[in-house]
Novice: 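Pasting a structure below so you can have a look.
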Amino acid sequence: MSELTHRRILRVAIPVVLSNATVPILGAVDTGVVGQMGAAAPIAAVGAGAIILSSVYWIFGFLRMGTTGLAAQALGASDRAELVALLSRALLIAGVAGAGLIALQWAIFAAAFRLAPTTAEVEGLARSYMTIRIWSAPAAIAIYGLTGWLIAQERTGAVLIVQLAMNGANILLDLWFVLGLGWGVQGVAVATFLAEWSGLALALWFVRDGFADGLWRDRAQVFDGARLRRMVAVNTDILIRSVLLQITFASFLLMGGLFGTVALAANQVLLQFLYITSYALDGFAFAVEALVGRYFGAGNRQRLRRAVMMCAGWGVGTVTVLALGFAVFGGRIVDVMATAPEVRQAARIYLPWMVLAPLIGVAAWILDGVFIGATRTRDMRNMMVLSFGAYLVALLALVPVLGNHGLWAALMMSFLTRGVTLAAKYPALERAATAGGPAPRTPRST
């Protein structure tokens, strides 16, 4: 097992941060190329279609996190058969899920536009976009699983290459199909369709070692009942946790509208600071997932604790720099993102929350990675339920008194509660590692 060093942590973390940085670039290019068509409807259609499909695909994001924790533990336990079986299971889940989405596409689109109605023109263009892009659903979902498998082995350099290649191909095809061939909204969809399938092909090439010895075809291992039940339990817990987190942010955005359009716009601008923080911390969260999973699977409590402390140290250092940066340059960042004077002024009023947010949230971000690596997903789910409850109580108590400041305080309360409660559960995680394997599932009655 490789020596645990800061260099090793950075080797895992830095490619993830760079990979995250490519995501907003692709969105900007998608918007920019259809913006050259000289009408608002194509821009709105691509935006609406992308949000709908991203939200649907996000449901299967548990496959990335669950695969990382389980694969890292199999690696730590030197269980090659299970490591390879996880790869097969992830691909099977992606294939079935993707085929299901393709079969149900008309119902999904109808439900989406019933929840968020728009003009007939925008809906028609968005449907033409989604009808093309939905055919890459199996590839998009499979990439979640393959990414998790690679992260478990600390091969984030490969993840970065896949992301760069996929987004780079998408951008070039966008320019060719839309500006060169004049395919419009359909051109953006075809570009994404081809990019996602090519990204899957490249990711499969990077995991080719998993298919080298034929273990991936071992039906008894791949469909082992106990292993499948554990995988389902882990992924279900992660899904519930992620849904509650998504509801928290969605309700935060919607409630901002209670204080007027300006406050809503200011909150949207300031949320970008949180996204920047998340992108920066993801690298160390992914690193701790892989390392904790490996040492948890090996039953090495000392190395597990050292990995947590080292990654947490990098996380604290990162958020300290971000908080200082937001304090000094936050006003200028706001000015770049918003031109309306009233939005700029409102964003500055609430900017101090963005200085506090990285410092308050760092424990939750890093400990999420710790618990994913150890597959202590029931604890993750339960602590998310508690933090969501704390958020709701804070909303009821603070918003009527403090207005939009109360809304931000409630969001910070959810971060703080999640970090504190996960920290309280951490000693039990360490004890389970000493026992040499995943903790048993607690009875439903407890």
Side-chain angles (χ1 to χ4, degrees), residues 13 16-17 20-21 23-24 245-246 248-285 288 311-369 387-388 390-391 393-395 397-399 401-423:
V16 174
V17 176
N20 283 342
V23 176
L245 186 60
Q246 191 80 349
T248 298
F249 278 99
S251 63
F252 173 87
L253 273 174
L254 291 174
M255 289 198 67
L258 297 175
F259 310 110
T261 303
V262 172
L264 179 62
N267 286 352
Q268 178 63 32
V269 168
L270 293 175
L271 276 177
Q272 308 312 307
F273 288 74
L274 280 182
Y275 298 150
I276 291 169
T277 302
S278 176
Y279 289 156
L281 285 179
D282 268 356
F284 302 110
V288 83
C311 291
W314 278 104
V316 169
T318 299
V319 297
T320 301
V321 171
L322 287 172
L324 290 172
F326 294 163
V328 176
F329 302 108
R332 297 178 189 177
I333 298 172
V334 166
D335 290 346
V336 170
M337 290 190 287
T339 58
E342 63 275 18
V343 174
R344 288 177 171 179
Q345 182 179 0
R348 279 176 165 79
I349 292 173
Y350 305 110
L351 186 60
W353 290 110
M354 293 305 93
V355 177
L356 291 173
L359 302 173
I360 293 173
V362 62
W365 270 301
I366 296 298
L367 285 168
D368 267 356
S387 68
F388 184 68
Y391 167 71
V393 170
L395 282 180
L398 300 178
V399 170
V401 179
L402 301 175
N404 200 43
H405 279 296
L407 185 58
W408 278 106
L411 187 62
M412 296 304 110
M413 180 61 71
S414 73
F415 292 167
L416 181 63
T417 304
R418 196 158 101 248
V420 169
T421 54
L422 285 174

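Note that the coordinates shown come from a computational prediction; the quantities given were computed from them, not determined experimentally.
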Novice: Quick one: closest heavy-atom pair of Ile366 and Ala285, and the distance?
Specialist: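 In terms of heavy atoms, the two residues are closest at CD1-N, 4.2 Å.
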Novice: With Ser251, which residues qualify under side chain to side chain donor-acceptor pair (under 3.5 Å), at least two apart?
Specialist: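 In terms of side chain to side chain donor-acceptor pair (under 3.5 Å), with neighbours along the sequence ignored, Ser251 is linked to Tyr391.
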Novice: Please round to the nearest 0.5 Å and tell me the distance separating atom CG of Leu398 and atom CG of Leu411.
Specialist: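 Between Leu398 CG and Leu411 CG, I get 12.0 Å after rounding to 0.5 Å.
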Novice: What residues form a side chain to side chain donor-acceptor pair (under 3.5 Å) with Trp365, not counting sequence neighbours?
Specialist: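 Residues passing side chain to side chain donor-acceptor pair (under 3.5 Å) with Trp365: none at all.
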Novice: Strictly by salt bridge (charged side-chain N to carboxylate O under 4.0 Å, His left out), give each pair with a member in residues 318-341 just once, sequence neighbours left out.
Specialist: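 Pairs touching residues 318-341 that pass the test: Asp335-Arg344, Asp335-Arg348.
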Novice: Can you confirm whether more than 12 heavy atoms, excluding those of Glu342, are under 6.0 Å from its CD atom?
Specialist: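 Count over threshold, so yes.
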Novice: List in chain and number order the residues that pass side chain to side chain contact (heavy atoms under 4.5 Å, CB included) with Ile360, two or more places apart in sequence or in another chain; answer none if no residue qualifies.
Specialist: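 With neighbours one apart ignored, the set is Leu356, Met412, Phe415, Leu416.
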Novice: Could you report the tightest heavy-atom contact between Thr277 and Pro358, atom names first, then the distance?
Specialist: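 Taking Thr277 first and Pro358 second, the nearest heavy atoms are OG1-CG, 3.7 Å.
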Novice: Measure across Thr320 and Val316 and return the closest heavy-atom pair with its distance rounded to 0.1 Å.
Specialist: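 Taking every non-hydrogen atom into account, OG1-O, 2.7 Å.
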Novice: How many angstroms lie between CZ in Phe252 and CG in Leu407, if you round to the nearest 0.5 Å?
Specialist: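 Separation between the atoms: 4.5 Å.
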Novice: Compare every heavy atom of Val262 with every heavy atom of Ala346, then report the nearest pair and how far apart it is.
Specialist: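 So the minimum-distance heavy-atom pair works out to CB-CG1, 3.7 Å.
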Novice: If I take atom CD1 from residue Ile349 and atom NE2 from residue His405, how far apart are they, to the nearest 0.5 angstrom?
Specialist: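 Nearest 0.5 Å value for the CD1-NE2 distance: 6.5 Å.
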Novice: Without placing hydrogens or testing angles, list every side-chain donor-acceptor pair under 3.5 Å for residues 263-276, not counting sequence neighbours.
Specialist:
{"unit_1": "Asn267", "atom_1": "OD1", "unit_2": "Asn404", "atom_2": "ND2", "d": "3.0"}
{"unit_1": "Asn267", "atom_1": "OD1", "unit_2": "Trp408", "atom_2": "NE1", "d": "3.0"}
{"unit_1": "Asn267", "atom_1": "ND2", "unit_2": "Asn404", "atom_2": "OD1", "d": "3.0"}
{"unit_1": "Gln272", "atom_1": "NE2", "unit_2": "Gln268", "atom_2": "O", "d": "2.9"}

Novice: Search all heavy atoms of Ser387 against all heavy atoms of Thr417 and return the closest pair with its distance.
Specialist: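 Minimum heavy-atom separation between Ser387 and Thr417: CA-CG2, 3.7 Å.
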Novice: State the CZ-CG distance between Phe326 and Leu359, to the nearest 0.5 angstrom.
Specialist: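 Separation between the atoms: 10.0 Å.
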Novice: Of the non-hydrogen atoms in Val334 and Ala347, which two are nearest, and what is the gap between them?
Specialist: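 Val334 and Ala347 have their closest heavy atoms at CG1-CB, 3.7 Å.
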Novice: Considering only residues two or more places apart or on different chains, which pairs with a residue in residues 412-421 satisfy salt bridge (charged side-chain N to carboxylate O under 4.0 Å, His left out)?
Specialist: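 For residues 412-421: Asp368-Arg418.
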